[in-house]
Amino acid sequence: MKISLEEAVQLLRKGKTVAVPTETVYGLAASIMHPQAIENIFVKKKRPANNPLIIHASSLQQIESFANVDPEARKLAEFFWPGPLTMVLEANISNIPSIVRAGLDTAAFRIPLHEVALKLIEQVGPVVMPSANLSGKPSATMPEHVEADFGKDFPVLDGGATKHGLESTIIILRHDRWEIIRLGAIPAELFESCLGYIPKAVISKKDEKPLCPGQMYRHYAPKAKLLFTSMPEKAKGVVIGFKDRKYLNANRVFSLGNSSNADEIAENLYSVLRQLDEESVTEAFIDANMPHTGLWATIVERLHKAAEK
Ligand code: TXA
Ligand code: MG
């Protein structure tokens with residue numbers, strides 16, 4: 001159910017949850033002042049309690065009451081915020097409910113680059129927002145995706161399709177270097193002009209304590225079995241490919257967009273994955289001939305996660 005900004009503000013103040021557009025994906029918002037609403041987010045999403053939430057603020061000042069923003073973090077904040085960067089910082093734990101942090105002594109923060117989201121946060125104060133999808137499913141990039149997961153009556157602040165279509169990039173400072181713990185809408189290479197180096201993407205091994213708990217779970221996954229192929233022109237059946245290529249043996253092609261336009265592919269990716277479920281596709285071949293640098297690194301990682309069983 002689409003609602004106005006004013007209605008969303010009222011609902012959040014009353015301790016309800018609503019879906020909110022951001023420049024990355026739709027978020028499922030609850031005011032940080034309402035622990036019961038935050039608990040409801042975990043229940044609604046079927047999200048494990050050990051997976052912490054990102055605190056979304058409208059100013060650096062708000063974040064300073066929750067965390068230690070040292071000069072290193074400030075530099076990144078000034079460069080990338082508002083925008084699709086999430087920073088994990090040492091938390092002022094007495095000011096952040098434990099449920100938000102999943103008991104950790106750090107917390108994740110970002111200031112979204114989205115007029116409606118910022119207006120909402122200015123009126124309500126900081127909100128926690130996981131992506132507005134059922135745990136394990138592709139994130140929602142349109143109001144219709146939110147409704148598909150949470151029902152037609154669920155309140156959605158309508159912002160149309162989201163700009164990036166992929167979640168924020170998450171970074172953490174370790175041993176004096178920033179590291180990427182979730183690839184996202186900001187490609188690793190873009191950090192160089194701010195930091196003087198390209199942060200390394202680190203993936204926790206199965207037996208260690210995860211740096212980014214959410215990355216340990218199955219994600220972005222449709223029901224269909226997904227198979228990568230470097231010879232998609234030979235693939236029979238369903239192909240996930242690019243609109244400027246021909247798949248003569250396929251009997252159905254889902255187009256991600258133009259193969260030379262990573263932004264367009266990112267924008268369409270989750271819609272295509274969701275469409276597979278809508279059309280009850282059981283198996284699909286992914287055209288694996290795509291670059292692995294820049295934003296493509298995130299796209300490739302999401303496709304791999306979607307294909308994991
Ligand atoms: O673009 C985005 O980041 C979207 C929009 C709505 O802002 N939000 C989003 O939230 O993707 P979510 O909950 O789907 O993913 C947040 C990720 C999870 O993998 C979680 O484990 C990680 O952030 N995270 C949160 N707090 C953390 C912390 N203190 N340390 C490490 N990872 C953390
Ligand atoms: Mg998510």
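Quick caveat: nothing in here was measured; it's all calculated off a predicted structure. Ligands are counted one by one from 1 in listed order, and the atoms in each one are counted from 1 as well.
The heavy-atom pair separating Y26 from L157 by the smallest distance is CE2-O, 3.5 Å. For the residue pair P155 and I3, the shortest heavy atom distance occurs at CB-CD1, 3.8 Å.
The shortest contact between atom 29 (N) of ligand 1 and any protein heavy atom is with T106 OG1, 3.0 Å. What sits closest to atom 19 (O) of ligand 1 on the protein, heavy atoms only, is G214 CA, 3.1 Å. Nearest protein heavy-atom contact of atom 23 (O) of ligand 1 is I170 CD1, 3.2 Å. Summary of contacts: the protein heavy atom closest to atom 31 (C) of ligand 1 is L211 O, 3.0 Å. What sits closest to atom 32 (N) of ligand 1 on the protein, heavy atoms only, is P213 CD, 3.5 Å. Among protein heavy atoms, atom 4 (C) of ligand 1 sits closest to V25 CG2, 3.8 Å. The nearest protein atom to atom 22 (C) of ligand 1, hydrogens excluded, is given as C212 SG, 3.7 Å; this is a heavy-atom distance. The nearest protein atom to atom 7 (O) of ligand 1, hydrogens excluded, is given as H56 NE2, 2.6 Å; this is a heavy-atom distance.
When each atom of ligand 1 is checked for a heavy atom of M129 under 4.0 Å away, the hits are 6 (C), 8 (N), 10 (O). Remark: ligand 1 atoms within the under-4.0 Å shell around heavy atoms of A107 are 29 (N). Taking a cut-off of under 4.0 Å to the non-hydrogen atoms of E167, the atoms of ligand 1 that pass are 1 (O), 2 (C), 11 (O).
Here the CG atom belonging to N40 is positioned 11.5 Å from the NE2 atom belonging to H34, to the nearest 0.5 angstrom.
For CE of M33, the number of neighbouring non-hydrogen atoms (other residues, nucleotides, ligands) closer than 6.0 Å is 12 at most. Within 6.0 Å of CD1 in I203 there are 12 or fewer heavy atoms belonging to other residues, nucleotides or ligands. The number of heavy atoms from other shown groups lying within 6.0 Å of NZ (K305) is above 12. For E208, the CD atom is densely surrounded, since the number of other residues' heavy atoms within 6.0 Å is greater than 12.
The residue among S168, P21, P130, A91 with a heavy atom at the shortest distance from atom 3 (O) of ligand 1 is S168. Counting heavy atoms only, P52 comes closest to atom 25 (C) of ligand 1 of the residues G27, P84, P52.
Seen from the ring of Y270, R274 does not count as a face-on cation partner, given the 6.0 Å and 45° thresholds.
Contact annotation: for A132 versus ligand 1, there are no heavy atoms closer than 4.0 Å. Only the side chain of R182 comes within contact range of ligand 1, with a heavy atom under 4.0 Å; no backbone atom does. Neither the backbone nor the side chain of I172 comes within contact range of ligand 1; no heavy atom lies under 4.0 Å. At a heavy-atom cutoff of 4.0 Å, ligand 1 is contacted by the side chain of N51 but not by its backbone. Only the side chain of R47 comes within 4.0 Å of ligand 1, counting heavy atoms alone; its backbone N, CA, C and O stay farther away.
At least one N/O-N/O distance between R110 and ligand 1 falls below 3.5 Å. Residue T24 has at least one nitrogen or oxygen atom sitting less than 3.5 Å from a nitrogen or oxygen atom of ligand 1, judged on distance alone. Of the polar atoms of S131, at least one N or O is found under 3.5 Å from an N or O of ligand 1, judged by distance alone.
The closest side-chain donor-acceptor pair between S65 and N95, if any, does not fall under 3.5 angstrom. Using modelled atom types and a 3.5 Å distance limit, the side chains of E301 and Y220 yield no donor-acceptor pair.
Looking at T298, its side chain does come within 3.5 Å of a backbone N or O of G184 through a donor-acceptor pair.
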Contacts table for residues 76-86: side-chain donor-acceptor under 3.5 angstrom, sequence neighbours left out:
unit_1, atom_1, unit_2, atom_2, d
W81, NE1, L85, O, 2.8
T86, OG1, S168, OG, 2.7

List, one per line, each side-chain donor-acceptor pair under 3.5 Å for residues 119-131, sequence neighbours excluded.
unit_1, atom_1, unit_2, atom_2, d
K119, NZ, E115, OE2, 3.3
S131, OG, N133, OD1, 2.6

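Among the backbone and side-chain atoms of S131, an N/O/S atom is found under 2.8 Å from the Mg ion (ligand 2).
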Just do the side chain to side chain contact (heavy atoms under 4.5 Å, CB included) check on L256 and I240 with the steps written out, would you?
CA-CA 7 Å; L256 292 166; I240 300 171; 3.7 Å; yes
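A heavy-atom separation below 4.0 Å is not found between V20 and ligand 1.
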